Novice: 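One structure, pasted below without further comment.
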Amino acid sequence: MMTWINCRIQVEDFSLAAEYQTLVRQDCGAVVLFSGLVRDQFRPDSVSSNSIDPNNIDQLQALELEHYPGMTERSISTIAEQAARRFDLRAVSIIHRVGVLPVGEQIVLVGIAAPHRRDAFAACEMLMDYLKNEVPLWKKAHFRQSAEWVEAKAADKNALQRWEQPK
Amino acid sequence: MMTWINCRIQVEDFSLAAEYQTLVRQDCGAVVLFSGLVRDQFRPDSVSSNSIDPNNIDQLQALELEHYPGMTERSISTIAEQAARRFDLRAVSIIHRVGVLPVGEQIVLVGIAAPHRRDAFAACEMLMDYLKNEVPLWKKAHFRQSAEWVEAKAADKNALQRWEQPK
Amino acid sequence: MVQTLVTQVLFFASLREAMKIGSLKLTLTKPVTVQNLLMMIAGQSDRFAAALAERELLVAINEQLADQHSMVQPGDTIALFPPVTGG
Amino acid sequence: MVQTLVTQVLFFASLREAMKIGSLKLTLTKPVTVQNLLMMIAGQSDRFAAALAERELLVAINEQLADQHSMVQPGDTIALFPPVTGG
């Protein structure tokens, strides 16, 4: 059974509603959509990092997304194809934005259409775990008073173990 | 932390895009949406059920959804509150349609907004498993030449075990 | 003033169709188990007896899921239905 | 005609900032391991050496993830970067 796969890296925002419409099809009873957004984050002010004074917190303004043009697209297509081989899917859509994204902006969309919900949920989660670990994208957090590269999380790396298959 | 909960039973269609907008909030990095749709189904014609002649298949026309007014709403609110106690969620939206829904129509929407994706995915899956097992809703399948009540699936019942917690 | 407490029993989905009624009313003089109540209904007609016997049944008392051994109080609203298939 | 095969090395994210360059070109006369290549780059300046030493590094050869022991052929495109944080 063929799976329709649509992967895009873009600066522009995307419409979740429009992507949903491209995913829906008559032989699919389940559509799962994941939208990742730039979330309000706070941290102690860099000049007084031991303070718990609420006036001394630095607030995230934006995330800056860098990528490796060419490899990023190829890498996203590869994980989409892996998901399509592993689960019974009819449509996969992955859109990842790059550039400077202020708080509240959409970063990433993963959408899956499948005959049954378990395949759709599993594929969507697997693709998010792979996006976090295997695709050349990097986030820089711009706070009001400073900026720093986001560190990779052990929890994201550990999440990959769920998808390991016996050889 | 408060969780905003919105549960509705309705005959009318819903807009996934509009529900997404109500879920999005600045402290949430993850929104997961599940949309369940009436899917094309085929089965051997009831007058020749042993035949594998492709001309003798009966095609689903619509699902008819019956509910227990009052208990259905209460039961959906209860499972939403259970999910909100168990996971770190900021918004939960559950909409379930009733009445006659032709192939291609939306049946159910479960939407979750959470600071982190794992809570959002888990809550959305848990709510779908509970909707399939604990909420008084019944589907009748109307084929071209016959109609029959949908049987509860063992797989849906087994799925509940994932959410059992040690006492 | 003595109030007669009517116990209403609702049927849904395939059970409603097999019973050929959506609900019936009973007057209970004392609490009974769900199992007792089913026997009382089955005793009213062969059709009811067959409808109740031929499928797995779930029961709700006042909109809360219950089981065969739960007590039904006079005035309660009981719902009987097959396993649910929503979602 | 003898063609000189230039090996391009790309840097991304925090590594790019620490190197203060996005890429550099090397002329390899024979295949080397990724580890050898890193030593060649580190040997060019103290800043390069510090930038490469102070973080976990991932490597891609011709847009495919590789490791320290993978062979780099003259003409390959190499990318060096910190662990990814997209999604």
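Reminder, nothing fancy here: chain letters follow the sequence lines and each chain counts from 1. The model shown is predicted, which means the values in this text are computed figures rather than measured ones.
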Novice: Which residues, numbered in order, of residues 131-143 of chain A come under 4.5 angstrom of chain B by heavy-atom distance?
Specialist: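 Only A/K132 of residues 131-143 of chain A have a heavy atom under 4.5 Å from chain B.
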Novice: So which bits of residues 81-110 of chain A come within less than 4.5 Å of chain B, counting non-hydrogen atoms only?
Specialist: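 Heavy-atom contacts from residues 81-110 of chain A to chain B are A/V103, A/G104, A/Q106.
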Novice: So how far is it from A/E125 CD to B/C124 SG, rounded to the nearest 0.5 Å?
Specialist: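 Going from CD on A/E125 over to SG on B/C124, the span is 10.0 Å.
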Novice: Any idea which heavy atoms bring B/L33 and B/G111 closest together, and the distance?
Specialist: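 For B/L33 versus B/G111, the nearest heavy atoms are CD2-CA, 3.8 Å.
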Novice: May I ask you to check whether over 12 heavy atoms, not counting those of B/E151, lie within 6.0 Å of atom CD?
Specialist: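 Counting other residues, nucleotides and ligands, CD of B/E151 stays at 12 neighbours or fewer.
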Novice: Report the distance from atom CD1 of B/I76 to atom CZ of B/R74, rounding to the nearest 0.5 Å.
Specialist: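 Rounded to the nearest 0.5 Å, the CD1-CZ separation comes to 13.0 Å.
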Novice: Determine, step by step, whether B/R162 and B/M126 satisfy the side chain to side chain contact (heavy atoms under 4.5 Å, CB included) criterion, reporting the C-alpha distance in whole Å, the side-chain angles of both residues, the deciding distance to 0.1 Å, and the verdict.
Specialist: CA-CA 8 Å; B/R162 287 192 287 178; B/M126 182 179 122; over 6 Å; no
Novice: Which residues from residues 5-17 of chain B are near chain A, with near meaning under 4.5 Å between non-hydrogen atoms?
Specialist: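 Listed by number: B/L16, B/A17.
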Novice: Strictly distance-based, threshold 3.5 Å: is any side-chain N or O of A/Q165 a donor or acceptor partner for the main-chain N or O of A/W163?
Specialist: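 No, the answer is negative, given that no donor and acceptor are paired below the 3.5 Å cut-off.
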Novice: Determine whether B/R117 and B/V32 satisfy the following criterion, side chain to side chain contact (heavy atoms under 4.5 Å, CB included), listing intermediate values before the conclusion.
Specialist: CA-CA 8 Å; B/R117 77 185 187 284; B/V32 172; 5.8 Å; no
Novice: Where is the tightest heavy-atom contact between B/E73 and B/G70, given as atom of each residue plus distance?
Specialist: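 Taking every non-hydrogen atom into account, OE1-N, 2.8 Å.
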Novice: Taking the side chain as everything from C-beta on, heavy atoms only, tell me whether B/M128 gets closer than 4.5 Å to B/D156.
Specialist: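 In short, these two side chains do not touch, never coming nearer than 4.5 Å.
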Novice: Does A/V38 form a side chain to side chain contact (heavy atoms under 4.5 Å, CB included) with A/L60? I'd like the steps, not just the answer.
Specialist: CA-CA 9 Å; A/V38 183; A/L60 183 75; 3.8 Å; yes
Novice: What pair of heavy atoms forms the shortest contact from A/R39 to B/P115, and how long is it?
Specialist: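 Result for this residue pair: CD-O, 3.6 Å.
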Novice: Would you check, one step at a time, whether the test side chain to side chain contact (heavy atoms under 4.5 Å, CB included) holds for B/E66 with B/E64?
Specialist: CA-CA 7 Å; B/E66 179 170 331; B/E64 182 181 354; 5.8 Å; no
Novice: Chain A heavy atoms under 4.5 Å from B/Y20: which part of the residue, side chain, backbone, both or neither?
Specialist: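 For B/Y20, the side chain is the part near chain A, not the backbone.
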Novice: Less than 4.5 Å apart, side chain to side chain, heavy atoms only: is that true for A/W4 and A/T22?
Specialist: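 Heavy-atom side-chain distance check passes, below 4.5 Å.
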Novice: Just checking heavy atoms, which of residues 23-31 of chain A are less than 4.5 Å from chain B?
Specialist: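 The stretch touches chain B at A/V24, A/Q26, A/D27, A/C28, A/G29, A/A30, A/V31.
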Novice: Examine whether an atom of B/A113 lies under 4.5 Å from a heavy atom of chain A, and if so say whether it belongs to the side chain, the backbone or both; otherwise answer neither.
Specialist: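 No part of it gets close to chain A.
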